[in-house]
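Within every chain, numbering begins at 1; the chains are lettered A, B, ... in the order of the sequence lines, protein sequences first and strands thereafter.
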Amino acid sequence: MSDVIRRDPRTERILRNRLHPLHESLAGGPVRGPTGLLRRNPHAVGFIGPNGLKRIDRSSTGPAPSGRDLRRSATTHSEEPALPLHRVEQPDFYVAAVLDMAGGRLTSHDRDILGQAQQLARSGGGQGAVVAIVLGEAREAGFDTAGADRLIQVTHCDGQALDDYCPERKLAVLQAVEDQLGPRFWLFPDSVHGGADLGARLAVRLGERPAVHAWQVTETETLCRGGSGRIDIRRHTPRVLLLAEECALPVDDSRHQALPIQLDEYPDVRVCIHDQGLVPVDPSQIPLAEAEFILSAGNGVRDWDQFHEVATALGATEGASRVAVDDGFMPRFRQIGATGTWVTARVYVAVGISGAVQHLQGIGRCEKVVAINLDDGCDMVRRADLGAIGDSSEILAELLALAREHRGGKDTDATVPETLEVA
Amino acid sequence: MPVETSLNIAVLVSVGQHPVSGRARRADQDARAVELGLTLAGRSLSLVHVGDAGEPALRQYLGMGLRTMTVLQEAPEADAASSLLQYFATHPADIVLAGVQAERGEASGLLPYLLAERLGWPLVPRIAQIRAIENGRAEVLQALPRGQRRALTVPLPFIATVDSAAPGARQTAFGPGQRGLFDIQRGLAQADVARAEWVEAQARPRPKRLNVVKAKSAAERFKAATAKPQGQGGQVMKQESSREKAQAIFDLLVAEGVIRQ
Ligand SMILES: Cc1cc2nc3c(=O)[nH]c(=O)nc-3n(C[C@H](O)[C@H](O)[C@H](O)COP(=O)(O)OP(=O)(O)OC[C@H]3O[C@@H](n4cnc5c(N)ncnc54)[C@H](O)[C@@H]3O)c2cc1C
């Protein structure tokens, strides 16, 4: 059907005339004005109360009493989860997006890359398909809403898991993708999580000159930020792109197929770099702003020695609310919030913190929040993904016992792991 | 780390740029690479720069305690990778260190990758420390985001880029820097043709991403603008025993992978 709004003068006349015999039957549904705007009939809002007076319920929470309103809200609610499905059956070309998947989930940077990939797949003639490439284990279920038409997920290559640092093996997988699909563009996040490293390796292997720190990309032209962020370079869009954060808007209004693709065979790899695993780092030396796991104390902590013990046993970096700092229990540089540090931890455990706005601002970018608090109605518990209601020292004592059991079960002889001093 | 003089260690250095004033200086990551090289090889460390020996900022590297620096004299538009490739063909090295990316120009950080690919050496990005070199293998510490470190072993010869998490560079002394000598070699690089077509301009501020609220009614918009950030309603444990609550928290920590071993 065409999108052009056509006026129907007869219907309009009937709709204007409430005494017309056909008015009732026509005025039922939504009414469009001459410009196509939805018109609301103010007389039809509300309902007649028991004492014969007209009542209008303006709170959007309460049960909508008017029959017409009820119908409208019911339809919007059922529409929301079912985003339109974007189908690509026979793609003319592919756009490959290699994702970081830090912590096994799509990062916001990954979503931007997929948004950019969708833009490139839809421009420039023909219908392209975005191939999301995930190397290693993933715990993500939302590839379809993030914009992946196809999905290549490789967890093992050469009988080795790809979770460790193994750029040579990952490069072999990407070369296999290149041989099999020959993507028109290769997109990488220009990030410290491995995207920039892998992108540079692939570009050099393919003999392409990549665009690095690219932040505005169209089919033909790319804008890159140069050294120290002082210059912009405008250049022709190459095949390999290392994209900066927020290069494009993430996909949020469509679903995609995310059909899995199997790779046939991988080229041989010569592995030189061997991963010896993570070195335990003293968590108290990690800067608060970049710590991954923070155990934070507030006014509800009673036993401070116990709190420090738990932080050491769990290997968490310590944080504090302003009250804990003002009372002298924690140093000032541990304060989290509006006047302290804005943290980016993946897991944030708040012990006895009420969740004042000034504090919640500071943890706005944390992914998982756990609250231990006496008060189940406080804002921190409402913000939290897991709230444990109870006395802080009791729960911390149990947590300490669990952490010790866990460590004791794994390695009995190593009592205190050797940790590394970070400058 | 004992000083090992039998090793041939070369550091690639560039001219940096002060982030505020824009003045030429020693590049921060390159200086850290020199520092790392000095702890490994002492004064037998060799420095290599492609460009103009007349640049005064280069003397800041010499002021860190080195007597000479090799300069492959090239025009600004030359391709540094081809020049270095010819240099390393005649001057073998065991370890080549460089910064992660330059502080001026394109700053793509691609040069070490190009060298590694063409020389056929492994490349280790973003190292913070070289812990030991034994039997032709080096054990290096790689800097990861969030202050983490990973141990890697790699056979010699290899190329490594040095992260900003590596130990800070020592101070540079002006006098010794001025007395240092340049070993100038005429480079034979090709011109970088692709770069000639690019248009460079002063960086313009990137637009901030707006928080678009997809609200359908005025009430929803109002709520989105005023409400405190809230989770999607997490699980709340009230009646369970302390043990069960602690277990739930612990399970979450393990599932998120923040408790290791
Ligand atoms: C200009 C300004 C800037 C500010 N900046 C910051 C900032 O940057 N960072 C910051 O944190 N604050 C900041 N604040 C202070 C902020 O408003 C709050 O006062 C503060 O965050 C409250 O800290 P709290 O949650 O630890 O203490 P409280 O609000 O006293 O909360 C204590 C919580 O612990 C619970 N509790 C008590 N006993 C126990 C127990 N035995 N077991 C378990 N739970 C228990 C209570 O139920 C309560 O929820 C700022 C304030 C102002 C005016």
Find out whether A:L223 and B:R204 are in side-chain contact, i.e. whether some heavy atom of one side chain is under 4.5 Å from a heavy atom of the other. yes

Expected output: side-chain B:R146 to main-chain A:F293 donor-acceptor under 3.5 Å: no

Would you give the length of the straight line joining atom CE of B:M237 to atom CG of A:L386, rounded to the nearest 0.5 angstrom? 6.5 Å

Spacing of CD1 belonging to B:I259 relative to CG belonging to A:L402, to within rounding of 0.5 Å: 9.0 Å

Heavy-atom cut-off 4.5 Å, strictly under: side chain, backbone, both or neither for A:R205 against chain B? both

Which one, B:Q247, B:R118, B:R104, leads in non-hydrogen pairs under 4.5 Å with chain A? B:Q247

Please classify the contact between A:E245 and chain B as side chain, backbone, both or neither, with a heavy-atom cut-off of under 4.5 Å. backbone

All heavy atoms of B:T153 vs all of A:Q276, minimum pair found to be OG1-NE2, 3.2 Å

Chain B contact via A:L396 - which portion, at a heavy-atom distance below 4.5 Å: neither

Contact class of B:Q239 relative to chain A, heavy atoms under 4.5 angstrom: neither

Need one label for A:N373: side chain, backbone, both or neither, based on atoms under 4.5 Å from any heavy atom in chain B. neither

Can you tell me if B:R209 uses its side chain to pair, donor with acceptor, with the backbone of A:A248 under 3.5 Å? yes

Between B:R243 and A:E405, is there a side-chain N and carboxylate O pair less than 4.0 Å apart? yes

Given the rule in the side chain to side chain contact (heavy atoms under 4.5 Å, CB included) test, do A:R209 and B:E106 qualify, once you have shown the distances and angles that lead to the verdict? CA-CA 12 Å; A:R209 185 163 189 164; B:E106 189 191 359; 3.2 Å; yes

Interchain contact, A:V369 with chain B, by part (heavy-atom threshold 4.5 Å): neither

Taking side chain as everything from C-beta outward and backbone as N, CA, C, O, which of these in B:A116 sits under 4.5 Å from a heavy atom of chain A? Side chain, backbone, both or neither. neither

Against chain A, work out which of B:P122, B:G109, B:P125, B:A194 has the most heavy-atom pairs shorter than 4.5 Å and name it. B:P125

Heavy-atom distances under 4.5 Å only: say whether A:A401 touches chain B with side chain, backbone, both or neither. side chain

Short side-chain to backbone donor-acceptor contact, B:K245 and A:I389, under 3.5 Å: yes

Tell me, do A:E290 and B:Q148 make a side-chain contact under 4.5 Å, heavy atoms counted? no

Working to the nearest 0.5 Å, report the span between CD of A:E398 and CZ of B:F250. 12.5 Å

Part of A:V192 lying under 4.5 Å from any heavy atom of chain B: both

Please rank B:Q101, B:E139, B:Q17 by heavy-atom pairs under 4.5 Å with chain A and give me the top one. B:Q17

Side chain / backbone / both / neither for B:L252 at chain A, heavy atoms under 4.5 Å: side chain

Heavy-atom side-chain contact between B:R150 and A:D275 under 4.5 Å: yes

Approximate separation, where rounding is to 0.5 Å, of A:C272 SG and B:L152 CG: 12.5 Å

A:P210, part contacting chain B, at a heavy-atom distance under 4.5 Å: both

Does B:P145 offer a backbone N or O that forms a donor-acceptor pair with the side chain of A:H193 under 3.5 Å? no

Are more than 12 heavy atoms from other residues, nucleotides or ligands located less than 6.0 Å from atom CZ of B:R137? yes

Does A:I233 reach the side chain of B:V199, with side-chain heavy atoms less than 4.5 Å apart? no

Just how far is it from atom CH2 of B:W198 to atom OG1 of A:T222, taken to the nearest 0.5 Å? 10.5 Å

Contact summary for A:R230 and B:P19, nearest pair of heavy atoms: NH2-O, 3.4 Å

Is there side-chain contact between A:I273 and B:F158, with heavy atoms separated by less than 4.5 Å? no

Do A:H274 and B:P155 touch side chain to side chain, with heavy atoms closer than 4.5 Å? no

What part of B:D251 gets closer than 4.5 Å to chain A, counting heavy atoms only: side chain, backbone, both or neither? neither

Does the side chain of B:E197 reach to within under 4.5 Å of the side chain of A:H236, using non-hydrogen atoms? no

Is there side-chain contact between A:Y165 and B:L144, with at least one heavy-atom pair below 4.5 Å? no

With only heavy atoms counted, which part of A:A291 is less than 4.5 Å from chain B, the side chain, the backbone, both or neither? backbone

Short question: side chain of A:R235, backbone of B:R195 - any donor-acceptor pair under 3.5 Å? no

Residue pair B:S108 / A:V212: nearest heavy atoms and the distance that separates them: CB-CG2, 3.5 Å

Of the backbone (N, CA, C, O) and the side chain (C-beta and beyond), which part of B:A81 lies under 4.5 Å from a heavy atom of chain A, both, or neither? neither

With a 4.5 angstrom heavy-atom cut-off, which part of A:T344 approaches chain B: side chain, backbone, both or neither? both

Rounded to the nearest 0.5 Å, the CG atom of B:L110 sits from the CZ atom of A:R201 at a distance of 11.5 Å

Contacting region of A:C247 [heavy-atom separation from chain B under 4.5 Å]: backbone

